[in-house]
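Indexing begins at 1, ligand by ligand and atom by atom, following the structure's order.
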Amino acid sequence: TILVLDFGSQYSHLITRRLRELNVYAEMLPCTQKIKDLTWRPKGIILSGSPYSVYAPDAPHVDPEVFELGVPVLGICYGLQEIAVCHGGNVSGSDKREYGHAILHVKDHHSLFEDIDDFQVWMSHGDKLSELPKGFLVIGTTDNAPFAAIIHESKPVFGIQFHPEVTHTTQGKKLFHNFAINICKCQQNWTMENFIETEIERIRSLIGPTGEVIGAVSGGVDSTVAAKLLNEAIGKRFHAIFVDNGVMRLNEPQQVHDTLTEHLGINLKVIDASDIFLGKLKGVTDPEKKRKIIGNTFIEIFEEESAKLDAESGGKIEYLLQGTLYPDVIESISFKGPSQTIKTHHNVGGLLENMKLKLIEPLRELFKDEVRALGTLLGIPDELVWRHPFPGPGIAIRILGEVTPSQVEIARKADYIFIEEIRKAGLYNKISQAFACLLPVKSVGVMGDQRTYEQVIALRAIETVDFMTADWFAFDAKFLKRVSGRIVNEVAGVARVVYDVTSKPPATVEWE
Ligand code: XMP
């Protein structure tokens, strides 16, 4: 295992990703982690970049023990500066920030640069090393940075000013390979095949021969993969609950039911609670209120159903399954200051508060693409594995204004047509997320000789890597014409279709 210590750079998690792509297991912890408190011994340590300047009074600093462990250490950007400061070097705020591409001239094909010649690197820093720390040698330079890559004369301690974890650095992957596999001697045994085997064993011994587990499924990738894993481990002793909240997409509850039971053999209970949800949403127009109502109602219903199942099983249910992924774990442990809440993403968070259950989270070490690979290995159909994300509050936050059964019907039909056309055009996998929004405004139209006065549908399609920033998808005009024609003709209640051409930021992905 490689330990990645996070100093708060926006790229920190990418370091872990790149190592996992090499089938090397890597775990990220906040930079404040004390080495003596680690329960495992890393084979190598990477110090990430940071938005801080090393001499800032509130700057985070590494536990000096890191250099005493005797394992290789690689400092990236701020990590390099930390290494320098810990070894008596100097760092200066440079007069200009360096941001963008540079060419790294490899001075010494030391193990870190084995089989690597001069290559393009990505720089993003304010401070830089102004003086070589004692006992270090320069192994790479750029036109702006005379100490762009350094190594200790006798200890396996390396520092680089550039970011090998971003794809703009052309030899980044090779550099991580050299560090993790050649220098740290890590094994490349982190594969999803191995993961399934060890995770199923772990689940079985955790639950024991008679214990039972309950979990909510939404029809999304994460909860389905988690459920299938439990089903493989303990069969019918895992109980999945699917709550139809009345604001899913057209035919979705039926599809979820069919895939999970017929295709995947999961023990599933479907609760049709649409009337309850729609009843509570009546008259509500505030987006945050809608989210809260849906989140809380879901929790109430799930708790009720799990109590019933527990009684039926004779009190054997001990665990609650959650499909938490590694990015959520990172989010909760990473080193950062306070940030502002733009919207509350209400899902099943808070489920455990009133329930006397222990938590089981088989995906908490995995990134999304690892979950997808796992899903495919577990026999989950491609259509589900590659499904666009769908928010917990469903189309309730895509119907602006009050959510009523007739508004749900309009929004559902329009969304269905849009996605159907996207699939037909072979664009589904090029787009990260697409949906229709129903706006609470009416507009005049003419159909045949009749005046119409009906609502507006806004289409949204985006491309993004991480959903933090996103760009709108550039459909060709013919495609948009076809979709708008179909929606206005086939969906009663819609007189006009518009396409949303706003990126995130400043807009968010969802309209509410
Ligand atoms: P925003 O609108 O915040 O969306 O730019 C980013 C991603 O998050 C999804 N989203 C949600 N997911 N519960 C969820 O589970 C929510 O309340 C929620 N709000 C937004 C959104 O669909 C997009 O993928």
Side-chain angles (χ1 to χ4, degrees), residues 10 13 215-226 242-249 252 256 277 280-281 284-299 302 322-332 339-351 361 363 367-369 371-372 384-400 403 411-412 415 418-419 422 428-439 458-473 500-512:
Q10 54 173 328
H13 67 283
V217 287
S218 66
V221 193
D222 308 342
S223 65
T224 309
V225 172
F242 172 70
V243 178
D244 179 358
N245 58 12
V247 284
M248 310 280 294
R249 287 166 291 193
E252 198 167 13
V256 173
F277 280 88
K280 293 196 181 189
L281 285 168
V284 179
T285 54
D286 179 70
E288 285 293 289
K289 274 203 189 120
K290 288 182 188 173
R291 279 195 167 75
K292 284 211 179 75
I293 289 172
I294 294 172
N296 294 341
T297 310
F298 174 84
I299 291 174
F302 185 84
Q322 272 191 358
T324 319
L325 303 197
Y326 199 48
D328 307 328
V329 177
I330 289 180
E331 176 68 18
S332 63
S339 68
Q340 214 194 340
T341 306
I342 308 292
K343 29 180 125 165
T344 345
H345 284 200
H346 258 288
N347 290 336
V348 291
L351 242 191
E361 298 175 304
L363 311 181
F367 285 101
K368 191 80 178 190
D369 47 349
V371 173
R372 291 208 165 100
L384 205 161
V385 165
W386 292 100
R387 205 180 82 138
H388 291 171
F390 183 63
I395 56 175
I397 55 165
R398 294 172 178 177
I399 294 168
L400 281 72
V403 180
R412 267 189 182 151
D415 186 76
F418 186 34
I419 301 297
I422 286 176
Y428 190 83
N429 289 337
K430 291 202 179 98
I431 294 170
S432 310
Q433 195 172 7
F435 54 89
C437 271
L438 179 59
L439 308 189
L459 303 176
R460 180 101 165 118
I462 53 133
E463 283 178 287
T464 175
V465 177
D466 56 8
F467 294 88
M468 302 293 287
T469 62
D471 219 339
W472 55 276
F473 187 81
D500 181 351
V501 289
T502 331
S503 54
K504 172 181 178 175
T508 54
V509 175
E510 303 289 346
W511 276 48
E512 284 197 336

Give a yes-or-no answer on whether the side chains of S223 and S218 include a donor-acceptor pair shorter than 3.5 Å. yes
Ligand 1 and P391, any nitrogen or oxygen pair closer than 3.5 angstrom? no
Nearest heavy atom to atom 19 (N) of ligand 1 wins, so pick from R291, H388, E510. R291
Non-hydrogen side-chain atoms of W511 and L400 separated by less than 4.5 Å: yes
Please identify which atoms of ligand 1 are closer than 4.0 Å to at least one heavy atom of T508. 1 (P), 2 (O), 5 (O)
Nearest option to atom 16 (C) of ligand 1, as decided by whichever heavy atom of P393, A507, A470, A396 sits closest: P393
Identify, with sequence neighbours excluded, every residue that meets salt bridge (Lys or Arg N to Asp or Glu O under 4.0 Å) alongside E361. R364
Using a strict 4.0 Å cut-off to heavy atoms of G392, name the atoms of ligand 1 that fall inside it. 13 (N), 14 (C), 15 (O)
So which of R460, K289, K290 actually passes salt bridge (Lys or Arg N to Asp or Glu O under 4.0 Å) with E512? K290
Do any nitrogen or oxygen atoms of Q433 come within less than 3.5 Å of a nitrogen or oxygen of ligand 1? yes
Enumerated ligand 1 atoms positioned under 4.0 Å from heavy atoms of K504: 1 (P), 3 (O), 5 (O), 6 (C)
Listed partners of D244 passing salt bridge (Lys or Arg N to Asp or Glu O under 4.0 Å), at least two apart: none
Is any NZ, NE, NH1 or NH2 atom of the basic residue among R387 and E252 found under 4.0 Å from an Asp or Glu carboxylate oxygen of the other? yes
